[in-house]
Amino acid sequence: MLKHPLFPQVAVVERISRETADIKTFSVAALKGGVPFNFMPGQCAMLSVPAVGEALFSITSAPAQADFLEFSIKKTGAVTDCLHGIEEGCQIAIRGPYGNGFPVAQLKGRDLLFIGGGIGLAPLRSLINYCLVHRGDYGNIHIVYGARSAADLMQRKELYENWPASPATSVYLTVDTGQEGWDGHVGFVPQYVEELGFSPQNSIALTCGPPIMIKYVLAGLERLGFQPEQIHTTLEMRMKCGVGKCGRCNIGGKYVCRNGPVFNFAELKKLPAEY
Amino acid sequence: MKEIMQKMRAEAARVLSSGEVDLVLGWEKGDLWWQSYPVFIENEKKAELLTWDLFCVPNLAKYLLEEIWHKKRVALFFKGCDALGFNQLMQDKRVDREKAFIFAVPCSGLVDPQKVERAGLHQGLLRVERLGDELTFVYKDREKKTAAPWFYYDKCLTCRYPNPVVFDFMLGEPVPVNPRERFTAVKELEGQNVDARFQYWQRQFSRCIRCFACRNVCPACSCRECIFDLTSPRWLGKATELSENQFYHITRAFHMAGRCVDCGECARVCPVQIPLTSLNRKLIKDIDELYGPYDAGVDPQKVPPLVTFNPGDPAAFLESKGV
Amino acid sequence: MSVAAKTQDFEPLIVAFCCNWCSYAGADLAGTGRMSYPANIRVIRVPCSSRVSPNFILRAFQRGADGVVVAGCHPGDCHYVSGNYHARRRFSMLRRFLEFVGIEAERLEVHWISASEGSRFAQVMQDITDKIRVLGPNRKLRDSR
Amino acid sequence: MQEIQKARLPQLWEYLAKKAPLYLPQQEDGVINFAPWQEGARVKLESLNTVLPPKSIVFPQWETYLHFTQKARELKLTPTKEPEGSYILFGVRPCDVAGITVLDRVFLQDPVDVFYESRRRCTIISLACNEPDISCFCSAFGLEPGFAPAADIMLWDGDKFLLWQSLTEKGETLTHSLTDLLEVPTPAETESVQCLRETAATVQEQKWGLDGVKERAKDMFNAPIWDSLYRRCLGCGICTYLCPTCHCFDIGDFSRGERGERFRCWDSCMYKDFTLMASGENPRPTQKERVRQRFMHKLSYFPAQHGLYGCVGCGRCVRKCPVNIDITQVIKEAGGSISCA
C-alpha cells in the first residue's frame, strides 16, 4: 500500500518533565526505540493525540544527542491541553521532520548570539546543544533568554549549569517583572540585548519568541549594527499539513512549514508583513 | 426605478454633507448585468455610485453589526425584506435604532439571474429594465419584452412585506401587496410519507458543501460566536458526511425558529440550491398553528414565540405523528 | 440473517435526558423501589428539561441512539418556575421538525415525570423501549463512520 | 479524428461505465454536478460549468486516510487503502481541465500525495466550449475555450455529433476500444473543428491582456483596493469551494469510543478560523487580509511558487458570489486590460 504523506508513526512518550507552570518537556521515542526520524536543529514535527488532533512543535533536543526527540510544549490549545494530561508510557502519533532548520553550515566559524523569550527557547536549545557538541566549529556563544517571571524560565539545569560551563559560552537571563529571590536582570529581552551591546562583527544572531518580542529584537539588532542577513528568526503560523499543501501558513509566496520556519531577516523584509 | 435612484443619490449626498451620518450603505452597479452589490460611501462625491435596479438584492442591514461596532452612524436603504431583517437584529439587541438612518425603498420584486439564464435570455444581455409589470431585456442590437413576475425571485413572489416596516424617510410610493401562497412546498412535503421526505432531504443535504453562505447572509444569524465554529466542544465536524450536514441544517433552521423573517436570502445564496426556505417555512407554519400567527421582524418589541410560553400551550409533542 | 431475526436481536439504545429535580429523582425512586426498567436506557441528568438543547438530541442520534426521551417536571412544577413550559414549546416544534425532514417522530418522546412517580418512570422507559424495538434501529441520523 | 453521433451517446456511456466508473455532468433538483453514470441518468452536457468543478472528484471534499484505535496507553494506526484511479471524467470543460493541472502542481510535488496521484490516473474526456459565457475569462490566462491540451480525449460539439480526438496514449487506447461507436468524420466536419475553436475564442466577449499582471500583483499587497473590496464580503466559502484550483485543506479527527479516523477536508481562507492560532493570535485578523490572501494567492503567490496563475477563468466565483466580488476587477486593478470584442 502507498504511504500517504500525512500518515504518522506511533511513538512513545517515554518521559515527561515539568519545566514551568504551563510548560512540560516530552521525550518521544519510536515504538522500537530510538529517534522516530533524523532531523536538524530548528526543524519541527507534527504530534498528535488521536481524536483530539495534530499540532506542530519544534524539536528542542539536538540531533544525535539522545535516542529520543524532545519537545517543550506550552499549554495553549486543545492538543497541548491533552498532551499535558497524558502520562509517561502513553503512545502518540508523530510525523516529520518538517521545515528548513537553522542554516548550520553558515554558522561555522561565527560568534553566535541566541535570543530567546519564553517557550521560544525550544528551537534555539536544539541548535545551542548542537553547537556545544561541535564546540570547536563556532566562536563565542552568547545566550540571552527571558521569561515573564523567574518561575517561567525553562531548561534551568542547562541555563544555570551546562551552558555556562561550556568554553566561551555565556548566558544572560532576564525576567519581565522582578520578584523576591530574583537577583538577576529585570526587563524585556529586546532592551536587555541592546544594553548588553553585542558586536555584529563576525556574528550571527538567532532569535525566537513571541511575535512582539521578535519585532523589537530585530529592530534592536539593526541598531547594534547587525545586517539583516546576520539575523535568523523562526516564525510561527497555524499549520495543518507541514508539507506546503494545505495552504494556510504562507507569508506571501513562502510557506512557513516548508520554506521556514527559519528565515533570515533579509528574506523576511522582502515578504509581506503578514506574520 | 431611475427616479428613485436619483433620489437615493441626492439623499445620500445630503446626509453625508450635512454630517448626519458617517457612512451610507447602498448598492453599486458592477460590470455585468446581474451585478448590483453593497457599496460603502463615506464621501458625498461618491454618492453617484449608488444604483437602484432589478438586481439590488443583498440585504444591507447585517453590515451594521460591523459598522456600528466602529461607532459609526449609518444611513442605509431598505427594501421590505431588508427592513424585517433589521428589526430582527433590533429584537436580538444587536443593532441600535438610533445609529441607523433608514431610507425605505418599496420593492415590487427583483429579478433572479438564474431564471433569466434558464430561459436562455442571458447571452449578450446588457441590462434589464422594468416598466410597470413588463421587463425589457436589452441586448446590443435588439430588445425583448416579457411579463416581469416570470423572472422574479420565488421569494419576491411570496413577499408579504414589500413596503419597509421601519424607516425614517420613504423613497417612492408604497407598492401593492399581493403575495402568492408561501406554504405550498411545505404542504406538499407534509403530504408525503416520512421515508419519502427523508429521501428528499437526504438528497438536498448531501449536496451541501458547508460554505456557510446561508448562515453568513442571514439577518437572524448574528451570534458573536457561532456554535458551528466552536472547536471546544466541536459540535459540527468538518467532514461533509451526511449526518453532519443534517446536524448543520436542522440546527441552523431550528435556531431561526420564531426569528426567521422569511427574507429568503439563505436560499438565494445557496450555491447548490438547497430549498432552505422550506425548512424555515415549516417552522413558521408550525408556530402559526401552535402558538398563533407571528411574523418575525414586523415588531421588534414583541417576544419571539420560542422564548416565551403560555401555560395553556398544547402538549404537541404527544402527537402520534407530526402534522 | 433474515430481517425478522435481525429485528429480534436488535436492542435499542435510548438516551433519557432527565431533569434533576423531578424525573431523575423519579428514576432514583424506581431504582430504590426495585422496579425494573430496560437496560437499554442511558440516563443523563440535566438541571432542567429546558437545559436540553436540540443539539444534544441530534448528537445522541448521530452517535448511535435509536430513541431519545426528554423528561421533566409536570407543568407548573418546574424548579425554575417556567423551564418546562419553554421545553414544551421547543420539543413540540422539534418533534414536528424532525418528522418533516424524514425522521420518525416516535424516536423522540417528551414526558413529565415527578419525583414520586417511580413506577411511571419505569413504565415510560419500558414503553419507549418496546416501541423503538418495533421501529428498528436509527439509520437516518446516525453518523456512518 | 473521429466522431460520435449524439444519439449514440447513451450507448457510449453505458459501454464506458462497464469499463470503469464514469462521471459526467448530471442534473439533480436543478443543480448540475459531476456524478457517476447510471441507467436513466439526467446527463447535461450542454450546460457550460457544473456547480462544483471536477476537483470534487480528483480531490474530494473529505476523505479518510487513516483509522486509529486507542486502548489505554496503546495506539494503533491503520492506513486507509488508496482510492481507485481507473475512472473516466466525461464532459470536462477546458478551464476545469486546466484547473486539475493547477492542483497537480500542489499535490504531485514532493512529498507526493499518493491519494491524489491515484485519483489522477483517471481518463479525462474534455468537451470544448462553443459559446463561452459572459462571465468566462479563461483566455485571460492563455487558455482556449475550444481546446484542453491536458485532456486525454478532446470533444467538439458539432450539433448532431461530437468530434472526437485523442490527445494521449491513454486516450488513444480508449478510442481504439470504441470502434463500434465512433465513425470517421467527413473532411468538412474535421475542418469545422478549427472554425469552432476560433469562434469560441472570439465569442469570449472580453479580450484580456494580462501582460505584467503577475509582476504588478506582486506589489499589490498594500494596494487601496483591499480597503474597499473586502467590506461587502460575507466571509462565506462559496468562492473557494467552487473554485477548480483552490486546494486548501484541514485535517480532522472523528472518534467514537476507542476507534476513530483521521480525515482531510476542504478548508477556506475566507473563514476567520483558517489561520487562527491556539494562542489566539491571527496573522489575518480581518476579512480584508483574507480577501487579499485569496486574490494574491491566485495572481501572485501561486505564480511565484509554481510558475502559473492559480486562476483558470472559469467564472464560478464571479457568478456565485452573493455580493458580486469579482476577480476580474482585481485583475484590472493589477493592470490587466480588458476590452469588449
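Just so you know, these numbers use all the heavy atoms, side chains as well, and skip hydrogens, waters and symmetry mates. Every chain is numbered from 1 and lettered A, B, ... according to where its sequence line falls, protein lines coming before strand lines. Here the structure is a predicted model, which means the values were calculated and not measured.
The environment of CD in Gln38(D) is sparse: at most 12 heavy-atom neighbours from other residues, nucleotides or ligands sit within 6.0 Å. Lys115(B) NZ: more than 12 foreign heavy atoms inside a 6.0 Å radius. Heavy atoms of other residues, nucleotides or ligands lying less than 6.0 angstrom from CZ of Arg259(D) number 12 at most.
Remark: side-chain polar atoms of Tyr37(B) are not paired, donor with acceptor, to backbone N or O of Ile325(D) under 3.5 angstrom.
No side-chain donor from either of Gln273(B) and Asp29(D) sits under 3.5 Å from a side-chain acceptor of the other.
The part of Pro58(B) that comes within reach of chain D is its side chain, from C-beta onward, which places non-hydrogen atoms under 4.5 angstrom from that chain. Neither the backbone nor the side chain of Arg264(D) comes within less than 4.5 Å of any heavy atom of chain B. Within the 4.5 angstrom heavy-atom criterion, atoms from both the backbone and the side chain of Val323(D) approach chain B. Within the 4.5 angstrom heavy-atom criterion, only backbone atoms of Ser36(B) (N, CA, C, O) approach chain D. Of the two parts of Glu63(D), neither the backbone nor the side chain holds a non-hydrogen atom closer than 4.5 Å to a non-hydrogen atom of chain B. Looking at Glu28(B), there are no atoms closer than 4.5 Å to chain D (heavy atoms on both sides), in backbone or side chain. The part of Asp267(D) that comes within reach of chain B is its side chain, from C-beta onward, which places non-hydrogen atoms under 4.5 angstrom from that chain. Contacts of Leu60(B) with chain D are absent, with no heavy-atom separation under 4.5 Å from either backbone or side chain. Only the side chain of Arg268(B) comes within contact range of chain D, with heavy atoms under 4.5 Å apart. Proximity to chain B (any heavy atom under 4.5 Å) is shown, for Leu234(D), by both the backbone and the side chain. Both the backbone and the side chain of Phe212(B) have a heavy atom closer than 4.5 Å to some heavy atom of chain D. For chain D, the nearby part of Trp33(B) is the side chain; its heavy atoms alone come within less than 4.5 Å.
Interface with chain D: from residues 233-249 of chain B, residues Lys238(B), Ala239(B), Thr240(B), Glu241(B) qualify, criterion being any non-hydrogen pair under 4.5 Å.
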Stepwise side chain to side chain contact (heavy atoms under 4.5 Å, CB included) test for Gln61(D) and Ile209(B):
CA-CA 8 Å; Gln61(D) 182 154 12; Ile209(B) 53 171; 3.6 Å; yes

Determine, stepwise, if the pair Leu32(B) / Val318(D) fulfils side chain to side chain contact (heavy atoms under 4.5 Å, CB included).
CA-CA 10 Å; Leu32(B) 303 172; Val318(D) 178; 4.0 Å; yes

Can Val269(B) and Cys236(D) be said to form a side chain to side chain contact (heavy atoms under 4.5 Å, CB included), step by step?
CA-CA 10 Å; Val269(B) 301; Cys236(D) 77; over 6 Å; no

Step by step, would you call Gln287(D) with Glu66(B) a side chain to side chain contact (heavy atoms under 4.5 Å, CB included)?
CA-CA 11 Å; Gln287(D) 206 59 27; Glu66(B) 180 77 14; over 6 Å; no

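Of the listed residues Asn324(D), Asp326(D), Leu242(D), the one with more heavy-atom pairs under 4.5 angstrom with chain B than any other is Asn324(D). The most heavy-atom pairs under 4.5 Å with chain D, out of Asn216(B), Val57(B), Val217(B), come from Asn216(B).
Nearest heavy-atom pair across Pro271(B) and Val51(D) is O-CG1, 3.3 Å. Lys272(D) approaches Asp229(B) most closely through the heavy-atom pair CE-OD2, 4.1 Å.
The distance from atom CZ of Arg203(B) to atom CD of Glu28(D), rounded to the nearest 0.5 Å, is 5.5 Å. Taken to the nearest 0.5 Å, the CH2 atom of Trp266(D) stands 12.0 Å off from the CZ atom of Arg210(B). Atom-to-atom distance recorded for Phe40(B):CZ and Arg232(D):CZ is 8.5 Å, nearest 0.5 angstrom. Atom NZ of Lys320(D) sits about 10.0 Å away from atom SG of Cys211(B), to the nearest 0.5 Å.
Counting heavy atoms from C-beta on, the side chains of Ile134(D) and His122(B) never come closer than 4.5 Å.
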